[in-house]
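This report concerns only the one structure given below.
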Amino acid sequence: SQQGEEDPQALSIQEGENATMNCSYKTSINNLQWYRQNSGRGLVHLILIRSNEREKHSGRLRVTLDTSKKSSSLLITASRAADTASYFCATDLNTGGFKTIFGAGTRLFVKA
Amino acid sequence: KAGVTQTPRYLIKTRGQQVTLSCSPISGHRSVSWYQQTPGQGLQFLFEYFSETQRNKGNFPGRFSGRQFSNSRSEMNVSTLELGDSALYLCASSPGGDRAGYTFGSGTRLTVV
(Lines give C-alpha, C1' and ligand atoms only; values in the text may rest on other atoms or scores of the structure.)
Protein backbone atom coordinates (compact mmCIF):
# COMPACT_ATOMS: atom_id res chain seq x y z
CA SER A 1 0.00 0.00 0.00
CA GLN A 2 1.09 3.57 -0.54
CA GLN A 3 2.88 5.25 2.33
CA GLY A 4 1.88 8.71 1.20
CA GLU A 5 -1.53 9.77 0.02
CA GLU A 6 -2.18 13.09 -1.63
CA ASP A 7 -5.32 15.12 -1.41
CA PRO A 8 -7.03 16.23 -3.55
CA GLN A 9 -6.57 13.75 -6.37
CA ALA A 10 -7.17 16.54 -8.88
CA LEU A 11 -7.24 20.31 -8.71
CA SER A 12 -8.20 22.88 -11.32
CA ILE A 13 -7.48 26.57 -10.74
CA GLN A 14 -7.05 29.81 -12.66
CA GLU A 15 -3.65 31.26 -13.39
CA GLY A 16 -2.57 33.55 -10.57
CA GLU A 17 -4.40 31.62 -7.87
CA ASN A 18 -2.68 29.61 -5.18
CA ALA A 19 -2.72 25.81 -5.21
CA THR A 20 -2.55 23.73 -2.06
CA MET A 21 -1.94 20.01 -2.02
CA ASN A 22 -1.83 17.80 1.05
CA CYS A 23 -0.02 14.59 1.81
CA SER A 24 -0.59 12.15 4.64
CA TYR A 25 1.68 9.26 5.52
CA LYS A 26 1.60 6.32 7.86
CA THR A 27 4.95 5.62 9.49
CA SER A 28 7.89 7.55 10.88
CA ILE A 29 10.03 9.20 8.27
CA ASN A 30 13.49 10.67 7.85
CA ASN A 31 12.33 13.28 5.39
CA LEU A 32 9.53 14.09 3.00
CA GLN A 33 9.98 15.21 -0.56
CA TRP A 34 7.76 16.73 -3.22
CA TYR A 35 8.15 16.01 -6.92
CA ARG A 36 6.52 17.23 -10.10
CA GLN A 37 5.87 15.14 -13.17
CA ASN A 38 4.85 16.47 -16.52
CA SER A 39 2.79 14.11 -18.60
CA GLY A 40 4.53 10.75 -19.01
CA ARG A 41 8.00 12.04 -18.23
CA GLY A 42 10.50 11.70 -15.41
CA LEU A 43 9.92 13.29 -12.04
CA VAL A 44 11.56 16.53 -11.01
CA HIS A 45 12.58 17.03 -7.41
CA LEU A 46 11.04 20.20 -5.97
CA ILE A 47 11.86 20.33 -2.29
CA LEU A 48 12.90 18.16 0.64
CA ILE A 49 11.90 18.81 4.23
CA ARG A 50 13.52 16.92 7.06
CA SER A 51 11.58 15.42 9.92
CA ASN A 52 12.89 18.04 12.34
CA GLU A 53 11.81 20.94 10.11
CA ARG A 54 8.35 22.48 10.08
CA GLU A 55 8.40 24.75 7.05
CA LYS A 56 10.52 25.29 3.99
CA HIS A 57 10.39 27.69 1.07
CA SER A 58 11.75 27.53 -2.46
CA GLY A 59 10.70 30.31 -4.82
CA ARG A 60 6.91 30.12 -5.17
CA LEU A 61 6.79 26.86 -3.23
CA ARG A 62 6.08 26.53 0.46
CA VAL A 63 6.09 23.17 2.21
CA THR A 64 4.98 22.46 5.74
CA LEU A 65 5.42 19.30 7.75
CA ASP A 66 3.48 18.23 10.81
CA THR A 67 5.00 15.02 12.13
CA SER A 68 2.44 14.74 14.92
CA LYS A 69 -0.32 14.53 12.32
CA LYS A 70 1.87 12.72 9.80
CA SER A 71 0.97 15.22 7.14
CA SER A 72 2.55 17.74 4.81
CA SER A 73 1.26 20.40 2.48
CA LEU A 74 2.64 21.97 -0.67
CA LEU A 75 1.55 25.49 -1.54
CA ILE A 76 2.25 26.93 -4.98
CA THR A 77 1.64 30.65 -5.00
CA ALA A 78 0.68 32.74 -8.03
CA SER A 79 0.30 29.64 -10.19
CA ARG A 80 1.12 29.63 -13.89
CA ALA A 81 -0.08 27.48 -16.76
CA ALA A 82 3.38 25.88 -16.76
CA ASP A 83 2.68 24.53 -13.26
CA THR A 84 0.18 22.11 -14.80
CA ALA A 85 1.52 18.70 -13.82
CA SER A 86 1.13 15.87 -11.33
CA TYR A 87 2.62 16.44 -7.91
CA PHE A 88 3.80 13.63 -5.68
CA CYS A 89 4.90 13.48 -2.12
CA ALA A 90 7.50 10.90 -1.21
CA THR A 91 8.64 9.68 2.16
CA ASP A 92 12.03 8.26 3.00
CA LEU A 93 11.93 5.26 5.26
CA ASN A 94 15.17 4.39 6.95
CA THR A 95 15.21 0.67 6.55
CA GLY A 96 18.93 0.13 6.62
CA GLY A 97 19.28 1.59 3.22
CA PHE A 98 16.81 4.10 1.91
CA LYS A 99 13.40 3.29 0.54
CA THR A 100 11.45 6.18 -0.87
CA ILE A 101 7.74 5.59 -1.22
CA PHE A 102 5.56 7.78 -3.41
CA GLY A 103 1.93 8.69 -3.02
CA ALA A 104 -0.65 8.53 -5.78
CA GLY A 105 -0.22 12.18 -6.70
CA THR A 106 -2.35 15.25 -7.23
CA ARG A 107 -3.09 16.30 -10.78
CA LEU A 108 -2.99 20.09 -11.00
CA PHE A 109 -4.44 21.93 -13.97
CA VAL A 110 -3.83 25.65 -14.19
CA LYS A 111 -6.05 27.44 -16.66
CA ALA A 112 -4.61 30.42 -18.52
CA LYS B 1 26.63 17.80 -15.61
CA ALA B 2 24.81 15.02 -17.42
CA GLY B 3 21.53 13.84 -15.93
CA VAL B 4 20.28 10.33 -15.37
CA THR B 5 20.21 8.46 -18.65
CA GLN B 6 17.87 5.58 -19.29
CA THR B 7 17.96 3.40 -22.35
CA PRO B 8 16.07 2.52 -24.36
CA ARG B 9 13.31 5.15 -24.22
CA TYR B 10 10.69 2.87 -25.74
CA LEU B 11 10.44 -0.88 -25.99
CA ILE B 12 7.86 -3.30 -27.32
CA LYS B 13 8.13 -6.92 -26.26
CA THR B 14 6.03 -10.03 -26.56
CA ARG B 15 4.62 -11.97 -23.64
CA GLY B 16 7.08 -14.52 -22.35
CA GLN B 17 10.16 -12.64 -23.50
CA GLN B 18 12.64 -10.98 -21.20
CA VAL B 19 13.91 -7.44 -21.19
CA THR B 20 16.86 -5.53 -19.79
CA LEU B 21 16.70 -1.82 -19.04
CA SER B 22 19.71 0.33 -18.38
CA CYS B 23 20.30 3.35 -16.18
CA SER B 24 23.38 5.56 -15.97
CA PRO B 25 23.24 7.73 -12.86
CA ILE B 26 24.67 11.18 -12.38
CA SER B 27 28.41 11.04 -12.00
CA GLY B 28 29.29 10.57 -8.34
CA HIS B 29 25.88 9.25 -7.36
CA ARG B 30 26.18 5.83 -5.76
CA SER B 31 22.52 5.09 -5.06
CA VAL B 32 20.22 3.98 -7.83
CA SER B 33 16.54 3.17 -7.37
CA TRP B 34 14.02 1.77 -9.80
CA TYR B 35 10.29 2.45 -9.94
CA GLN B 36 7.43 1.12 -12.00
CA GLN B 37 4.70 3.59 -12.89
CA THR B 38 1.29 2.54 -14.16
CA PRO B 39 -2.01 4.44 -14.28
CA GLY B 40 -3.62 1.99 -11.88
CA GLN B 41 -0.87 1.46 -9.31
CA GLY B 42 1.02 4.72 -9.48
CA LEU B 43 4.71 4.74 -8.64
CA GLN B 44 5.78 1.45 -7.14
CA PHE B 45 9.23 0.96 -5.64
CA LEU B 46 11.16 -1.90 -7.21
CA PHE B 47 14.61 -1.84 -5.59
CA GLU B 48 17.50 0.33 -4.52
CA TYR B 49 21.20 -0.30 -5.05
CA PHE B 50 24.13 1.32 -3.35
CA SER B 51 27.74 0.46 -4.17
CA GLU B 52 26.70 -2.67 -6.07
CA THR B 53 24.56 -3.98 -3.19
CA GLN B 54 20.79 -4.22 -3.18
CA ARG B 55 19.71 -2.48 0.01
CA ASN B 56 15.97 -2.52 -0.39
CA LYS B 57 13.43 -4.36 -2.46
CA GLY B 58 9.77 -3.70 -3.13
CA ASN B 59 6.95 -6.19 -3.38
CA PHE B 60 7.52 -7.48 -6.85
CA PRO B 61 7.85 -11.10 -8.00
CA GLY B 62 11.23 -12.68 -8.57
CA ARG B 63 10.86 -12.09 -12.31
CA PHE B 64 12.06 -8.58 -11.57
CA SER B 65 15.74 -8.36 -10.80
CA GLY B 66 18.48 -5.80 -10.95
CA ARG B 67 22.13 -5.20 -10.46
CA GLN B 68 24.57 -2.37 -10.13
CA PHE B 69 28.05 -2.23 -11.55
CA SER B 70 31.21 -0.78 -10.05
CA ASN B 71 30.72 2.44 -12.05
CA SER B 72 27.24 2.77 -10.44
CA ARG B 73 25.43 2.05 -13.70
CA SER B 74 22.45 -0.18 -13.08
CA GLU B 75 20.34 -2.59 -15.04
CA MET B 76 17.01 -4.14 -14.30
CA ASN B 77 15.75 -7.30 -15.89
CA VAL B 78 12.24 -8.62 -16.23
CA SER B 79 11.88 -12.23 -17.31
CA THR B 80 8.82 -14.01 -18.66
CA LEU B 81 7.04 -10.78 -19.46
CA GLU B 82 3.34 -10.43 -18.78
CA LEU B 83 0.87 -7.93 -20.21
CA GLY B 84 0.65 -6.30 -16.78
CA ASP B 85 4.34 -5.43 -16.92
CA SER B 86 3.55 -2.71 -19.43
CA ALA B 87 4.57 0.46 -17.66
CA LEU B 88 6.92 3.39 -17.48
CA TYR B 89 10.07 2.27 -15.66
CA LEU B 90 11.89 5.08 -13.93
CA CYS B 91 15.39 5.11 -12.59
CA ALA B 92 16.53 7.64 -10.01
CA SER B 93 19.92 8.38 -8.58
CA SER B 94 21.16 10.14 -5.49
CA PRO B 95 24.50 10.59 -3.78
CA GLY B 96 23.45 8.19 -1.03
CA GLY B 97 23.49 8.77 2.70
CA ASP B 98 22.01 12.10 3.79
CA ARG B 99 20.46 12.96 0.47
CA ALA B 100 18.89 15.94 -1.16
CA GLY B 101 16.35 14.01 -3.15
CA TYR B 102 16.45 11.93 -6.24
CA THR B 103 17.23 12.89 -9.80
CA PHE B 104 15.06 10.92 -12.17
CA GLY B 105 15.69 9.78 -15.68
CA SER B 106 13.06 10.20 -18.40
CA GLY B 107 12.11 6.55 -18.12
CA THR B 108 11.72 3.57 -20.38
CA ARG B 109 8.23 2.94 -21.63
CA LEU B 110 7.76 -0.81 -21.95
CA THR B 111 4.81 -2.21 -23.83
CA VAL B 112 4.14 -5.93 -23.65
CA VAL B 113 1.93 -7.34 -26.40
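Quick caveat: nothing in here was measured; it's all calculated off a predicted structure. Numbers restart at 1 for each chain; the letters A, B, ... are given by sequence-line order, proteins then strands.
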Counting only non-hydrogen atoms closer than 4.5 Å, does Q37(B) touch chain A with its backbone (N, CA, C, O), its side chain (CB onward), both, or neither? side chain

For Y35(A) and Y102(B), indicate whether the former's side chain and the latter's backbone hold a donor-acceptor pair under 3.5 Å. yes

Does atom CD1 of I12(B) have more than 12 heavy-atom neighbours, drawn from other residues, nucleotides or ligands, at distances under 6.0 Å? no

Mind checking whether L90(B) and R41(A) have side chains closer than 4.5 Å, heavy atoms only? no

Are F45(B) and F102(A) an aromatic pair by the rule of ring centers under 6.0 Å? no

I49(A) and Y25(A): same hydrophobic cluster, using ILVMFWY side-chain contacts below 4.5 Å? yes

Residue pairs passing the disulfide (SG to SG under 2.5 Å) test where at least one lies in residues 53-85 of chain B, sequence neighbours excluded: none

Side-chain heavy-atom pair Q44(B), I101(A) within 4.5 angstrom cut-off: no

Give, as side chain, backbone, both or neither, the part of Y35(B) having an atom under 4.5 angstrom from any heavy atom of chain A. side chain

For E53(A), I'd like to know if atom CD has over 12 heavy atoms of other residues, nucleotides or ligands within 6.0 Å. yes

For R54(A), look at atom CZ and say whether over 12 heavy atoms of other residues, nucleotides or ligands are found less than 6.0 Å away. yes

Go through F104(B) and V44(A) one step at a time and tell me if the side-chain contact (heavy atoms from CB on, under 4.5 Å) criterion holds. CA-CA 7 Å; F104(B) 277 82; V44(A) 174; over 6 Å; no

Between the CG atom in L43(A) and the OG1 atom in T103(B), the distance rounded to the nearest 0.5 Å is 11.0 Å

Where at least one partner belongs to residues 75-95 of chain B, residue pairs that pass salt bridge (Lys or Arg N to Asp or Glu O under 4.0 Å), sequence neighbours excluded: R63(B)-E82(B), R63(B)-D85(B), R67(B)-E75(B), R73(B)-E75(B)

